[in-house]
Amino acid sequence: MEPSSLSGLPAGVGEALEAEGVAELYPPQQSAVEAGVLDGESLVAAVPTASGKTLIAELAMLSSIQRGGKALYIVPLRALASEKKTEFERWEDHGVTVGVSTGNYDSDGEWLASRDIIVATSEKVDSLIRNGAPWIDDLTCVVSDEVHLVDDSHRGPTLEVTLAKLRKVNPGLQTVALSATVGNADVIADWLDAELVESEWRPIELRTGVHFGNAINFDDGSQREVPVDRGEDQTAKLVGDALDTEEGGQGGSSLVFVNSRRNAESSARKLTDVTGARLTDGERDRLRDLADEIRGVSDTETSEDLADAVEKGSAFHHAGLASEHRSLVEDAFRDRLIKCISATPTLAAGVNTPARRVIVRDWRRYDGEFGGMKPLDVLEVHQMCGRAGRPGLDPYGEAVLLANDADTREELFERYLWAEAEPVRSKLAAEPALRTHVLATIASGFAATREGLLTFLDNTLYATQTDDEGRLAAVTDTVLEYLEVNGFVERERDGGAESLAATGIGHTVSRLYLDPMSAAEILDGLRTVADGADATPDAEGDAFVPADGADSDADEPGFTTYTRGDAAGTAGEDDGEESEGAAGSDSPAVTPLGLYHLVSRTPDTYELYLKSGDRETYTEVCYERETEFLGDVPSEYEEVRFEDWLAALKTARLLEDWANEVDEDRITERYGVGPGDIRGKVDTAEWLLRAAETLARDVEGIDGDVVVRVREARKRLEYGVREELLDLAGVRNVGRKRARRLYEAGIESRADLREADKAVVLGALRGRERTAERILENAGREDPSLDGVDPDSSASAAATAGADADGDGDGQASLGDFG
DNA sequence: TCATGTATGCTCTAGACAGCATGTC
DNA sequence: CTAGAGCATACATGA
């Protein structure tokens, strides 16, 4: 089947595909066409990675657009959204427009409405539905990439409910679901009323095997000798072997999957010997430049270690890296400059980074709930293996698991290489998932009664595959109770029928995309302040009441039971140098730390791990800063709750450090995190504080002063500065470091920037004329030109002494958002 | 006395979505 | 039945 022979596509698309080198559709693609993707037929394609799934989706979307429709492509990760957008933009020559919408990269709503293809994450789509994006009704085709992720207990339910909503809003919707090969693709097809295309076919042969002793044993019975002598490293030999085997004029790169960040880093360091010895002079030069670029991203140990390894052609990759780090590594690996990446599973699920040889070194990973090392899912291992084989470069890909003994070798064959991936199971019937989605479903008008709600939920995968009819209803009832008690939903029992409606706050919570439990926690914390002001422990009517015994789900962070009324400490007690409270105010001080802790203990924030010694450290902090916490501190004897509370305190301290201009490398050291983690925490906290601000404004009984405090705490996170720099840091091109230098030189505000002696400004900015001019201009100075101005050296000295003691030049602490 | 080798015990553990309003060097 | 790599420390050995 040739692309140009396909009908129903926009003019020239078939020919363009042939020009790209697609002479003939792959077998799964042909099956998809035969199943009717070009005619608006729904389809589930369960095929291996890199076997042309994207083209199936493109055929569906383009033909739908040709018929005057509009398509939505749902991805699981933000990074994939931009990757897909770039990919689809090649159709712009054929009159097809593309837009993206994710949390950190958003096109204007109206502009989006005019796009033919929109790429978005599942959460973003959910949010757009909740906020009533008008173009949702116009969709004629929706593609769900990596649909097997409905199995994920945290994010799967969102995808599931979102697809159900889209299909409900638009009954004629063509649904194309792309899945890895899983055990029960037929059930997914059944759920989506779709045709099923299932195939193991791959355009590049994949050879899988296990290495033990002196050879790789492949599953086809063949062997490849790779001797490992005593004391030699198995992984290193395999990486070296791939590099020494020329195919198409070049040795092959490898991807090593390990089970922890630390292992990824040490593996990369070790492999440095293997890769470093095989570089050309030209590569060495380019790698040195790349290493410098990596060092420039962030001034931390992680960054330095990565750069050191990259200089020798080896890299590590995990979520502790800043996102610039990650893309630099990924790009250089695709360019064949980096020869080997040692990675945690981030890479298996992320953007496209194929390698000649994939080495799955660790096949077990620590899991606290499991109580030890848990074997990886078959699906996960298959996803890793699927990264083997670079199209156009390798005649075949190799995926090798490592064994230390013959028994393990046999086990690995049976467990992974000969095994089918697990069936996908919906995780919808759990409280955390339903709490959010039941509220949103009611608030967005998809259901107005309990029965309506259950009918709607009948359209989910869960309903399709469960054999326990009552469970979904039971959890739904528990959740409804919770939502009612917390004032998010109103129930009216009217004889037999029961009507459901979201309250004003319920609507707000749904639109803010908050977990209702987070909202309850935040509201309760903020109300504590209002109570403290008049010290009257009344108003039980709107109190937060925990749903007793309802937190049976394992992934539940646990209810925080507040007994109210006991005003949180008397204000005025001086707690030392860190205090930033509203001194002199009558109400208890609302400090940044208190607010950071409030949002950090919310189920929307991922907990930091408490290391040994942390328990003592933060218990101490807990007593020292007692007056600042919003809501009660759990008793030290309630082990689990107190532990969670301390973990949140650790996060809160990290955020406070960031807002106190503590250097990035100090923070990574102090909390045992990577630069990417800081950005993640700060981002989440910013989002939650913004939500808290909205909630505080919308709800009665919360002091107006609190809103101001929340905003200030958020702004300080946003800029990473102390209070006195907020004004300066708001000026474009002024970040936390420049703001501090200007301040030390006596320029304390935007207004000062407009009037200050230019020589002082230039001195504070270390003589960078271009930068200084831009800043003056951005501050609104009439005449920003610095022609003929000499930097004031005393200002420069003051600035240097004040901040940035490491003197690394002019760098801002840059933490990872793309520009 | 110091450098190096080896036994032993302790520590620590993957990932990443959302809002809003525009731009760190 | 249910972890195991990495690292610090302590101690042994050898020149």
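Residue numbers start from 1 in every chain, and the chains themselves are labelled A, B, ... in the order their sequence lines are given, proteins ahead of strands. On a predicted model such as this, the values are computed, not experimentally measured, just so you know.
The pair A:R679-A:D683 counts as a salt bridge, with a side-chain nitrogen and a carboxylate oxygen less than 4.0 angstrom apart. The existence of a salt bridge linking A:R601 and A:D644 is excluded, since no basic side-chain nitrogen approaches an acidic carboxylate oxygen closer than 4.0 Å.
Not counting sequence neighbours, A:E83 has no partner by the side-chain hydrogen bond (donor to acceptor under 3.5 Å, both in side chains) test. Looking at residues two or more places apart in sequence or on another chain, you find a ring pair (Phe, Tyr, Trp, His ring centres under 6.0 Å) between A:Y73 and A:F88. Applying the side-chain hydrogen bond (donor to acceptor under 3.5 Å, both in side chains) test to A:T346 and every residue at least two apart in sequence or in another chain returns A:T344. Take A:D289 and apply the side chain to side chain contact (heavy atoms under 4.5 Å, CB included) test, not counting sequence neighbours, and it matches no residue. A search for side-chain hydrogen bond (donor to acceptor under 3.5 Å, both in side chains) contacts involving A:R262 returns nothing, not counting sequence neighbours. Residues passing the salt bridge (charged side-chain N to carboxylate O under 4.0 Å, His left out) test with A:K270: none are found, sequence neighbours excluded. Applying the side-chain hydrogen bond (donor to acceptor under 3.5 Å, both in side chains) criterion to A:S267, with sequence neighbours excluded, gives A:S342. In this structure, the ring pair (Phe, Tyr, Trp, His ring centres under 6.0 Å) partners of A:H318, at least two apart in sequence or on a different chain, are A:F316.
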Between N or O atoms, less than 3.5 Å apart, protein on one side and nucleotides 6-11 of chain B on the other: list the pairs.
none

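Across all strands shown, A:G103 has heavy atoms under 4.0 Å from base atoms, whether or not it also approaches the sugar-phosphate. Across all strands shown, A:A691 has no heavy atoms under 4.0 Å from either base or sugar-phosphate atoms. Within the 4.0 angstrom heavy-atom criterion, only backbone atoms of the sugar-phosphate kind lie near A:N259; the bases stay farther away. When heavy atoms are screened at a 4.0 angstrom cut-off, A:Y719 is found touching no nucleic acid atom at all. When heavy atoms are screened at a 4.0 angstrom cut-off, A:K681 is found touching no nucleic acid atom at all. No engagement by A:L688 is indicated, since no non-hydrogen atom pair under 4.0 Å with the nucleic acid exists.
Distances shown here put every side-chain N or O of A:S127 at or beyond 4.0 Å from the OP1 or OP2 atom of B:dC17. The phosphate of B:dA18 (OP1 or OP2) has no side-chain N or O of A:R511 nearer than 4.0 angstrom. The shortest distance between the side-chain N/O atoms of A:R326 and the OP1/OP2 oxygens of B:dA16 is below 4.0 Å. Contact annotation: A:R261 reaches the phosphate of B:dG15 (side-chain N/O to OP1 or OP2, under 4.0 Å). OP1 and OP2 of B:dA18 both lie 4.0 Å or more from every side-chain N or O belonging to A:T684.
In this structure, A:I678 places its CD1 atom 17 Å from P of B:dA16, rounding to the nearest Å. Rounded to whole Å, atom C1' of B:dT24 lies 12 Å from atom CZ of A:R741. Rounded to a whole Å, the CG atom of A:D152 is 12 Å from the C1' atom of B:dA14. Atom P of nucleotide B:dC17 and atom CD1 of A:I74 are separated by 15 Å, given to the nearest angstrom. Rounded to whole angstrom, the span from the NZ atom of A:K124 across to the P atom of B:dC20 amounts to 7 Å. The separation between A:L728 atom CG and B:dT24 atom P is 13 Å, rounded to whole Å. The separation between A:D126 atom CG and B:dA18 atom C1' is 10 Å, rounded to whole Å. For the pair A:H318 NE2 and B:dA16 P, the computed distance is 12 Å after rounding to whole Å.
DNA chain B is contacted by both A:R714 and A:Y366; A:Y366 maps to the nucleotide lying nearer its 5′ end (nearest heavy atom per residue). Both A:L128 and A:E380 sit near DNA chain B, but only A:E380 has its closest nucleotide nearer the 5' end.
Listed candidates were B:dG15, B:dC17, B:dA14. Nearest to the side chain of A:S260 is B:dA14.
Here the range on DNA chain C touched by chain A, meaning any atom under 4.0 Å from one of its heavy atoms, is C:dA3 to C:dG6.
A:T300 and A:D665 are not linked by any side-chain donor-acceptor pair at a separation below 3.5 angstrom, with hydrogens and angles left out of the test.
Identified under the side-chain hydrogen bond (donor to acceptor under 3.5 Å, both in side chains) test for residues 359-368 of chain A, with sequence neighbours left out: A:R365-A:E380.
In this structure, A:Y606 does not count as stacked on the base of B:dA16 under the 5.5 Å centre distance and 30° plane angle limits.
The cationic group of A:R716 does not satisfy the cation-pi geometry with A:W658, failing either the under 6.0 Å distance to the six-membered ring centre or the 45° limit from the ring axis.
Straight-line distance between the P atoms of B:dA14 and C:dC7: roughly 15 Å, to the nearest whole Å.
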> So what does the secondary structure string of DNA chain B come out as, 5' to 3', with Watson-Crick or wobble pairs under 3.5 angstrom, [ ] for crossing and | for pairs with another strand?
Replying inline: |||||||||||||............
